[in-house]
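Below is one structure, written out as structure tokens, with a few remarks after it.
Treat the numbers as computed from the prediction; the structure is a model and nothing was measured.
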Amino acid sequence: MEIRQLKTFMSIVKLGNFSQAAHFLGYTQSTVTTHIQLLEKEFNTLLFERFGHQLMLTTDGEKLYEYAESIIRLAEDAKNELEHFATPRGPLIIGMPESLCVYYLTDLLAEYAALYPDVELKLKFGISSDFRNLLRKNMMDLAFILEGNSKETDLVSKMLWPEPI
């Protein structure tokens with residue numbers, strides 16, 4: 001069992017299917033399938049059941065999900081505790097509309113990458129509702145949207161500038 005296999009497993013659960021998990025993780029669908037097959041072989045159990053187009057966790061899949069969350073959180077905690085770096089490092093997943101990136105954020109992102117070369121910027125292009133869901137599932141760190149301040153109490157939002165549409 002590898003951490004990346006557990007991360008793949010958790011992504012499938014959070015996103016609802018193999019293809020979306022593959023796209024989000026930057027893997028091919030066959031890689032995602034292989035990760036799950038290896039986990040299933042190692043634990044000698046099925047983790048998912050298919051009901052038409054619906055993907056459901058088995059009882060063993062539900063148990064593994066709880067352990068996977070703990071294992072990944074502990075691994076990240078250990079890494080953060082043992083790495084004594086004064087500058088940011090690691091992945092930073094940012095969601096935004098592609099047009100916003102092209103017209104406004106290219107220079108800012110380039111400057112950030114130059115200042116913090118140990119941060120791996122991962123840009124995800126899409127729509128605001130997808131970003132909100134990914135933020136809630138802790139699969140995205142930050143999102144830029146083209147809407148006014150959000151009234152949602154579970155997300156923190158701040159208007160950076162007015163944008164006439």
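Put simply, the side chain of M96 reaches to within 4.5 Å of the side chain of L105, judged on heavy atoms. Using a 4.5 Å heavy-atom threshold, the side chains of F48 and M56 count as separate. With contacts defined as side-chain heavy-atom distances shorter than 4.5 Å, the pair L15/L134 qualifies. In this structure, the side chains of F131 and F144 stay at 4.5 Å or more apart for every pair of heavy atoms. Under the 4.5 Å side-chain criterion, counting only non-hydrogen atoms from C-beta, E40 is in contact with I36.
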side-chain hydrogen bond (donor to acceptor under 3.5 Å, both in side chains) between T28 and T31, worked out:
CA-CA 5 Å; T28 62; T31 299; 2.9 Å; yes
Mind running side chain to side chain contact (heavy atoms under 4.5 Å, CB included) on L92 and I94 for me, showing each step along the way?
CA-CA 6 Å; L92 178 62; I94 304 172; 4.0 Å; yes
Worked check of side chain to side chain contact (heavy atoms under 4.5 Å, CB included) between M139 and I93:
CA-CA 8 Å; M139 298 187 73; I93 303 169; over 6 Å; no
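Sparse packing is recorded around CG of D107, with 12 or fewer heavy atoms of other residues, nucleotides or ligands lying under 6.0 Å away. Other residues, nucleotides and ligands contribute over 12 non-hydrogen atoms within 6.0 Å of the NZ atom of K14.
We find the CG-CD1 distance between N133 and I127 to be 9.0 Å, quoted to the nearest 0.5 Å.
The side chain to side chain donor-acceptor pair (under 3.5 Å) search around S129 returns none, not counting sequence neighbours. Residues satisfying the side chain to side chain donor-acceptor pair (under 3.5 Å) criterion with D60, sequence neighbours excluded, are T45.
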Side-chain donor-acceptor distances from residues 62-70 under 3.5 Å, at least two apart:
from	atom 1	to	atom 2	distance (Å)
S70	OG	E66	O	3.3

